[in-house]
Peer 1: 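Okay, handing you the structure first.
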There are 2 protein chains.
Amino acid sequence: MGKRVTILDVAAEAGVSRQTVTRAMNDMADISVSTRQRVLDAADRLGYRPSRFARNLVTRQKTNALGLVVSSFRNPYYTDIAADMLSGAAERGWQLLLAASDGDEGSDALNKLSAQVDVVVGHFQAPEADLGEACRGLPVVNLEFVSTVPGFHSVHVDLESGILEAVGALRERGAHRFGMVDAGYSRRTFGAYEPTPRREWFERAVGDQLTGVVVADEDNISGGGQAFAELLRRHPDTDAVLMFNDLMALGAVRSAHALGVDVPGSVRIVGVDGLSLGEAVDPQLTTISIDREGIASNTLDIAEILAKADFARIEPIHRTVRTQLLWRASA
Amino acid sequence: MGKRVTILDVAAEAGVSRQTVTRAMNDMADISVSTRQRVLDAADRLGYRPSRFARNLVTRQKTNALGLVVSSFRNPYYTDIAADMLSGAAERGWQLLLAASDGDEGSDALNKLSAQVDVVVGHFQAPEADLGEACRGLPVVNLEFVSTVPGFHSVHVDLESGILEAVGALRERGAHRFGMVDAGYSRRTFGAYEPTPRREWFERAVGDQLTGVVVADEDNISGGGQAFAELLRRHPDTDAVLMFNDLMALGAVRSAHALGVDVPGSVRIVGVDGLSLGEAVDPQLTTISIDREGIASNTLDIAEILAKADFARIEPIHRTVRTQLLWRASA
DNA sequence: TCACGGGCCGTGAAGGTTCACGGTAGAGAC
DNA sequence: GTCTCTACCGTGAACCTTCACGGCCCGTGA
């Protein structure tokens with residue numbers, strides 16, 4: 001209801017011209033004190049607020065905006081990335097818009113987001129076609145998978161070698177019966193569970209020394225704890241477990257404590273992510289640390305390259321971030 | 001360098017009119033397949049991308065945007081609020097923009113943010129005048145303090161009674177020598193340390209049973225741990241400690257473990273926030289839980305009221321959120 | 001032959017603001 | 001009395017896209 005109140009309405013109300021209203025609103029020169037006050041009063045009376053679109057259109061602000069889409073903001077891993085992205089974006093004069101893909105209306109949110117930003121970055125599992133549809137041809141930086149389609153850039157984490165390294169270190173310490181707790185989020189996207197790449201890399205790394213894999217119901221602390229307990233119940237001889245991520249690994253540590261299982265004495269636990277929270281528990285969590293800051297800075301680099309190229313369709317840019325084995329106490 | 005490439009450039013390149021370009025770009029009817037392809041090619045060649053400002057200006061999208069300013073995205077408390085805010089915003093069709101105030105260029109970031117949003121919400125310590133300056137008359141929802149200036153709304157947490165309740169519960173369990181670890185973030189804003197309201201409320205609640213207060217250097221786990229250790233060193237007889245927030249309380253639990261201090265046997269530890277992380281440590285953290293979801297929904301309520309009122313200067317709206325004592329194992 | 005309709009495309013206007021420039025009035029200088 | 005200067009204010013244009021509408025051409029049916 002109600003048309004928008006424009007600068008012309010204010011001008012009429014105050015008995016002046018558009019330009020004078022502009023001068024009053026933006027604290028410019030060439031206006032008398034009394035007139036400014038009169039205009040300001042009129043604006044206040046009418047509830048006038050300049051249209052940010054019209055203003056940005058004419059001032060041609062070079063503030064670019066970046067849309068960040070993550071699956072969940074309950075996981076410190078993603079919020080860490082967001083935090084790094086945010087501080088980097090502020091330095092470079094970029095704006096950060098947020099959207100979560102764990103909600104029901106993921107696609108709709110993406111549609112609205114894409115109308116407001118210059119680049120879309122995030123962890124996407126959807127195929128490029130759907131994504132391109134939703135983003136209307138905007139450049140996309142994928143933080144999960146590498147794609148070769150033009151307009152789809154990526155920052156990729158080399159977890160495969162990280163997992164290999166971790167398994168090697170576990171073997172050095174005598175572990176030889178490996179288990180894993182995998183995430184089941186693929187169910188949401190594909191309808192049925194599909195093994196994550198992490199699981200495939202892990203299974204390849206441990207070979208025939210695998211005792212079993214349990215898929216967690218929920219991607220959080222308690223989900224990880226339950227799955228860990230289930231894994232030990234099914235395969236009591238397991239002596240080393242890779243948890244899909246640190247959040248679940250935290251649950252595993254807690255679960256082990258509740259079950260009276262010695263960590264790392266009888267079972268070694270390794271997480272993935274490198275959250276600082278891992279230091280808060282006892283024993284402190286051993287983890288395959290992902291360089292989240294590197295992800296953020298690489299992403300912003302790509303965004304800036306795209307901005308320099310006027311967001312034209314340029315060759316896909318791919319960056320890789322390495323992992324680091326953070327050997328703490330739980331393994 | 002380089003002017004922006006507009007729809008007219010594409011039209012010229014393809015030998016058609018603006019409208020035809022629009023039809024091609026937006027998958028509209030009334031255009032032949034060959035023409036569409038020709039236009040798309042031309043757009044691709046020139047690197048054309050529609051101006052989101054011009055588009056939003058004319059389509060008059062009713063997608064309002066909310067700018068969230070928090071002090072740090074390293075603290076789960078704030079990211080929880082952001083998460084709740086985000087899911088609520090998605091439901092209501094709002095857009096969420098982020099800015100952090102812990103960086104150096106806080107004011108500049110706020111300036112740029114305010115050019116893109118309809119409402120600014122956040123934890124502000126700056127006086128209203130500066131804030132109004134930076135926000136250019138945008139409505140502000142303060143999540144920390146209550147203000148009576150028009151245009152400044154608030155969602156306020158009634159921590160005072162929460163602290164009173166917690167102290168009472170501690171007394172019931174025999175505690176009578178109270179200590180506290182306060183946050184020193186006020187140093188950054190005001191130049192020197194100023195006691196936080198939490199400290200004042202706590203001191204009022206414990207009266208002459210106060211052993212001492214230590215101000216933490218950093219608002220994080222290790223900062224809390226250090227301050228806690230320092231508190232015990234100075235006042236070894238302390239039997240109950242209120243930590244400024246849960247993050248610091250996590251550090252206190254860890255620190256106590258390292259010092260060989262029994263929790264809650266010899267010292268009871270209480271945090272503030274109600275983070276789910278508190279369940280991950282042993283003993284699980286007792287805490288004064290803040291209803292972050294309530295904060296988010298109340299904030300969005302206010303934002304919607306403002307949007308309905310066309311963001312006119314209406315009477316300040318104030319909401320209050322109560323706390324809940326979450327008695328777990330550390331106290 | 002004419003009327004009609006559908007497929008394809010172009011023109012004027014609108015959307016709300018700011019920029020660049022031009023104009024007026026009054027004060028002071030000569 | 002004329003000129004200049006300053007303080008204040010208004011008008012046309014620009015920013016870039018979409019909407020509403022109108023025009024053209026060709027095929028079909030009567």
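Everything quoted here is computed from the prediction, not taken from an experiment.
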Peer 1: Are there over 12 heavy-atom neighbours, none belonging to B:Glu293, within less than 6.0 Å of that residue's CD?
Peer 2: no
Peer 1: Would you say a side-chain N or O of B:Thr20 is under 4.0 Å from OP1 or OP2 of C:dC9?
Peer 2: no
Peer 1: Return the value, rounded to whole Å, for the distance between atom CG of A:Leu57 and atom P of C:dT17.
Peer 2: 12 Å
Peer 1: So does B:Ser51 get a side-chain nitrogen or oxygen closer than 4.0 Å to the phosphate oxygens (OP1/OP2) of D:dC16?
Peer 2: no
Peer 1: If you take the centroid of each ring, where Trp contributes its six-membered ring, are B:Phe145 and B:His123 closer together than 6.0 Å?
Peer 2: no
Peer 1: OP1 or OP2 of D:dT18 less than 4.0 angstrom from a side-chain nitrogen or oxygen of B:Asn26, does that happen here?
Peer 2: yes
Peer 1: Tell me the interatomic distance from A:Met28, atom CE, to D:dA7, atom P, rounded to whole angstroms.
Peer 2: 16 Å
Peer 1: Could you tell me whether the phosphate oxygens of D:dC9, OP1 or OP2, come under 4.0 Å of any side-chain nitrogen or oxygen in A:Ser32?
Peer 2: yes
Peer 1: So B:Leu97 and B:Leu66, do their side chains get closer than 4.5 Å, heavy atoms only?
Peer 2: no
Peer 1: Which is true for B:Thr22 with a 4.0 Å heavy-atom rule: it touches a base, it touches only sugar-phosphate, or it touches nothing?
Peer 2: base
Peer 1: Are B:Arg92 and B:Asp301 packed together at the side-chain level, in the sense that at least one heavy-atom pair is separated by less than 4.5 angstrom?
Peer 2: yes
Peer 1: Roughly, in whole Å, what's the span from OH in A:Tyr48 to C1' in C:dG15?
Peer 2: 13 Å
Peer 1: For the pair made of CG in A:Asp30 and P in C:dC21, what is the distance, rounded to whole Å?
Peer 2: 14 Å
Peer 1: Could you tell me whether A:Ile31 contacts a base, only the sugar-phosphate backbone, or nothing, with contacts defined as non-hydrogen atoms closer than 4.0 Å?
Peer 2: sugar-phosphate
Peer 1: In whole Å, I'd like the distance from the CD1 atom of B:Ile7 to the C1' atom of C:dA13.
Peer 2: 15 Å
Peer 1: Test for a donor-acceptor pair under 3.5 Å between the base of C:dG16 and the side chain of A:Arg52, counting only N and O atoms.
Peer 2: no
Peer 1: If I take atom CG in residue B:Leu46 and atom P in nucleotide D:dC16, what distance separates them, rounded to the nearest angstrom?
Peer 2: 14 Å
Peer 1: Hey, does the side-chain of B:Arg55 have a donor or acceptor N/O within less than 3.5 Å of a partner on the base of C:dG15?
Peer 2: no
Peer 1: Strictly below 4.0 Å, N to O, side chains only: are B:Arg52 and A:Asp118 in salt-bridge contact?
Peer 2: yes
Peer 1: Can you tell me if the side-chain N/O atoms of A:Thr35 get under 4.0 Å from OP1 or OP2 in D:dC9?
Peer 2: yes
Peer 1: Can you figure out which of D:dG10, D:dC19, D:dA13 approaches the side chain of A:Val16 most closely?
Peer 2: D:dG10
Peer 1: Is there a side-chain contact between A:His153 and A:Leu306, using heavy atoms and a 4.5 Å cut-off?
Peer 2: yes
Peer 1: Just compare D:dC9, C:dG10, D:dT17 and give me whichever is closest to any side-chain atom of B:Val58.
Peer 2: D:dT17
Peer 1: Can you tell me the distance, in whole Å, between the CG atom of A:Asp27 and the P atom of C:dT18?
Peer 2: 12 Å
Peer 1: Hey, which of these two, B:Ser34 or A:Leu8, hits DNA chain C nearer its 5' end, going by closest nucleotide?
Peer 2: B:Ser34
Peer 1: Determine whether a donor-acceptor pair (one donor, one acceptor, N or O, separation below 3.5 Å) exists between the side chain of A:Arg49 and the base of C:dG16.
Peer 2: no
Peer 1: Respond yes when some side-chain nitrogen or oxygen of A:Thr6 is under 4.0 Å from OP1 or OP2 of C:dG16, and no when none is.
Peer 2: no
Peer 1: Whole angstroms only, please: what is the CD-C1' distance between B:Gln19 and C:dC9?
Peer 2: 9 Å
